[in-house]
2 protein chains.
Amino acid sequence: MPVRVLLVDDDDLMRAGLRSILASDARIEVVGEASGGRAAIGEARSLTPHVVLMDVRMPDLDGIAATREVLSTAPDAKVVILTTFENDEYVFGALEAGASGFLLKRTSPEGLIGAIHTVVAGDALLSPSVTRTVIDRAARQPRPAAHTARDLGRLTPRERDVLELVARGLSNAEIAEALVVEETTVKTHVKHLLGKLGLRDRVQAVIFAYESGLSTPGSQG
Amino acid sequence: MPVRVLLVDDDDLMRAGLRSILASDARIEVVGEASGGRAAIGEARSLTPHVVLMDVRMPDLDGIAATREVLSTAPDAKVVILTTFENDEYVFGALEAGASGFLLKRTSPEGLIGAIHTVVAGDALLSPSVTRTVIDRAARQPRPAAHTARDLGRLTPRERDVLELVARGLSNAEIAEALVVEETTVKTHVKHLLGKLGLRDRVQAVIFAYESGLSTPGSQG
DNA sequence: AAGCGCCTCCTCCCCGGGGAGGAGGGCGAG
DNA sequence: CTCGCCCTCCTCCCCGGGGAGGAGGCGCTT
């Protein structure tokens with residue numbers, strides 16, 4: 001039974017190239033292609049590939065977000081990021097999204113084929129130069145976080161107020177009391193900020209607050 | 001100019017085997033051997049190898065400590081850990097000590113030779129199965145702190161598991177899936193841990209996790 | 001004047017989550 | 001052996017919170 005592979009890249013030529021490289025291994029079958037993140041999500045669902053080779057930079061939805069989506073609907077699939085750029089944001093974004101591999105496009109054809117078999121075996125793999133940066137973060141952990149500030153900027157002042165209180169563990173009723181508005185108003189603000197930040201519920205909002213630096217450990221008892 | 005390599009392993013046969021493998025590559029020269037950590041430190045100083053292949057389990061001084069010592073006196077040297085055991089303590093100990101690679105002894109001869117050239121190029125490299133654990137730690141993050149131990153200590157292991165996933169923003173259903181138990185079981189654990197910690201709901205549990213150091217900013221996206 | 005974003009508030013609806021209480025099995029300590 | 005803790009799972013119940021949709025007022029820009 002061959003390994004089912006889905007190719008995701010906005011560049012037609014790149015997909016064709018990958019297809020021809022993978023054709024050299026009889027244990028690998030390319031079951032489909034997608035030229036964007038949105039399409040990839042649909043294809044991943046309908047084609048049930050074992051491995052998704054995913055580009056990062058794509059017009060409609062980037063590879064990181066697409067990876068997150070694909071894995072949420074198909075947790076058994078393995079996603080290998082394939083990109084030209086070695087970029088910390090990409091690397092950690094991809095890994096946090098659940099990617100099993102992060103390869104640079106300068107990888108050899110044999111390396112790519114080997115990578116596919118490696119991830120189906122349940123192991124992970126990174127390009128050597130990427131490994132360096134990952135190790136640095138695993139050994140001692142700094143923290144970048146740049147895009148979260150941008151997301152916060154999308155919130156209105158009132159929404160930020162509410163988020164802050166949500167992150168303190170207050171209920172909607174308590175927030176309403178604190179801000180001297182009705183509870184329904186609070187619910188509206190919460191609804192909006194969850195939507196803007198792409199979060200499911202207030203639990204994830206608390207996590208977001210801490211991860212983005214809006215809240216910090218020690219800021220309360 | 002060949003790559004100068006120092007072999008460190010308490011097993012004579014292993015050193016002989018490594019020597020013969022490396023002999024197949026003309027770009028590599030084995031300049032010395034050591035059968036223990038203490039000896040390795042001295043040899044590394046006098047022989048100025050580019051790469052040290054270091055075993056972990058050794059009688060007098062283990063490979064992790066030896067790595068730390070070697071690199072403190074010869075920061076330009078690259079240390080590659082070579083071990084039979086894939087052990088989290090070894091892996092992170094080695095990486096924190098500054099090792100450039102962590103290979104299992106089941107690595108192929110070609111892989112070993114490739115590894116040496118990889119690290120001299122300034123890159124790092126891990127065995128695939130090790131990569132998996134390193135990624136997990138780089139993506140999510142590390143350890144509880146000491147002062148939470150009192151409160152956390154009141155929780156059963158299972159309750160701590162659940163708290164950790166609650167703090168990641170998972171719903172009860174998702175936690176159930178992750179732990180392979182029924183949702184009702186998860187609800188029971190959640191109920192108990194909330195009671196023990198004196199918290200009202202899972203939102204406050206997330207806050208507790210961050211404030212206590214169980215979760216840390218940077219541990220997720 | 002028209003349009004837009006923000007804040008405020010509303011209703012209807014549904015679900016996830018937490019409370020209460022109970023039950024069986026495994027396992028270690030006394 | 002028995003007691004007690006832990007893990008597992010169950011039912012019944014209720015409420016908080018989030019989704020959908022709408023509305024009025026205010027102040028900004030065009």
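Chain naming here is simple, since letters A, B, ... match the order of the sequence lines and numbering starts at 1 in each.
- B:R168 has no carboxylate O lying under 4.0 Å from a charged side-chain N of B:E174, or vice versa, which leaves the two without a salt bridge.
- Summary of the strand contacts: B:R158 and A:V203 both lie near DNA chain D, and taking for each the nucleotide with the nearest heavy atom, the more 5' one is attributed to B:R158.
- Side chains of B:F208 and B:L163 form a contact here, defined as non-hydrogen atoms less than 4.5 Å apart.
- A side-chain contact (heavy atoms from CB on, under 4.5 Å) with A:L126 is found for exactly one of A:I81, A:L103, A:L95, namely A:L95.
- No donor-acceptor pair closer than 3.5 Å links the side chain of A:T185 to the backbone N or O of A:V181.
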Inset, instruction - Test B:I207 against B:L199 for side-chain contact (heavy atoms from CB on, under 4.5 Å), laying out the working first. - result: CA-CA 10 Å; B:I207 296 171; B:L199 304 172; over 6 Å; no
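- Considering only residues two or more places apart in sequence or on other chains, B:D10 meets the side chain to side chain donor-acceptor pair (under 3.5 Å) condition with none of them.
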Inset, instruction - Sugar-phosphate means primed atoms, P, OP1 and OP2; the rest is base. With that split, encode nucleotides 24-30 of chain C 5' to 3' as B, S or - using protein heavy atoms under 4.0 Å. - result: -------
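- Applying a 4.0 Å cut-off to non-hydrogen atoms, none of the residues of residues 173-180 of chain B approaches DNA chain D.
- Taking every heavy atom of residues 186-193 of chain B and every atom of DNA chain C, pairs under 4.0 Å involve B:K187, B:V190, B:K191, by number.
- B:E159 contributes no side-chain N or O that, together with a main-chain N or O of B:L155, makes up a donor-acceptor pair within less than 3.5 Å.
- Every residue two or more places apart in sequence or in another chain that forms a side chain to side chain contact (heavy atoms under 4.5 Å, CB included) with B:A34 is listed here: B:V8, B:A39, B:A40, B:E43.
- Rounded to whole Å, atom P of D:dG18 lies 10 Å from atom CG of B:D201.
- In this model, the phosphate group of D:dG18 is approached by a side-chain N or O of A:R202 to a distance below 4.0 Å at OP1 or OP2.
- Residues B:G93 and B:R68 come closest through the heavy atom pair O-NH2, 4.5 Å.
- Here the P atom of nucleotide C:dG19 and the CZ atom of B:R200 are 11 Å apart, to the nearest Å.
- Across all strands, A:T184 comes closer than 4.0 Å to base atoms (heavy-atom distances).
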Inset, instruction - Determine, step by step, whether A:D25 and A:H117 satisfy the side chain to side chain donor-acceptor pair (under 3.5 Å) criterion, reporting the C-alpha distance in whole Å, the side-chain angles of both residues, the deciding distance to 0.1 Å, and the verdict. - result: CA-CA 11 Å; A:D25 187 327; A:H117 294 301; 2.9 Å; yes
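- With a 4.5 Å cut-off on side-chain heavy atoms, A:R57 and A:T83 do not count as touching.
- In the helix from C:dA1-D:dT30 to C:dG30-D:dC1, the rotation axis of the first five pairs and that of the last five pairs differ in direction by 40°, rounded to 10 degrees.
- Residue A:T185 has no polar side-chain atom (N or O) positioned under 4.0 Å from OP1 or OP2 of C:dC7.
- Here the side chains of A:R15 and A:D11 are not in contact, with every heavy-atom distance at 4.5 Å or above.
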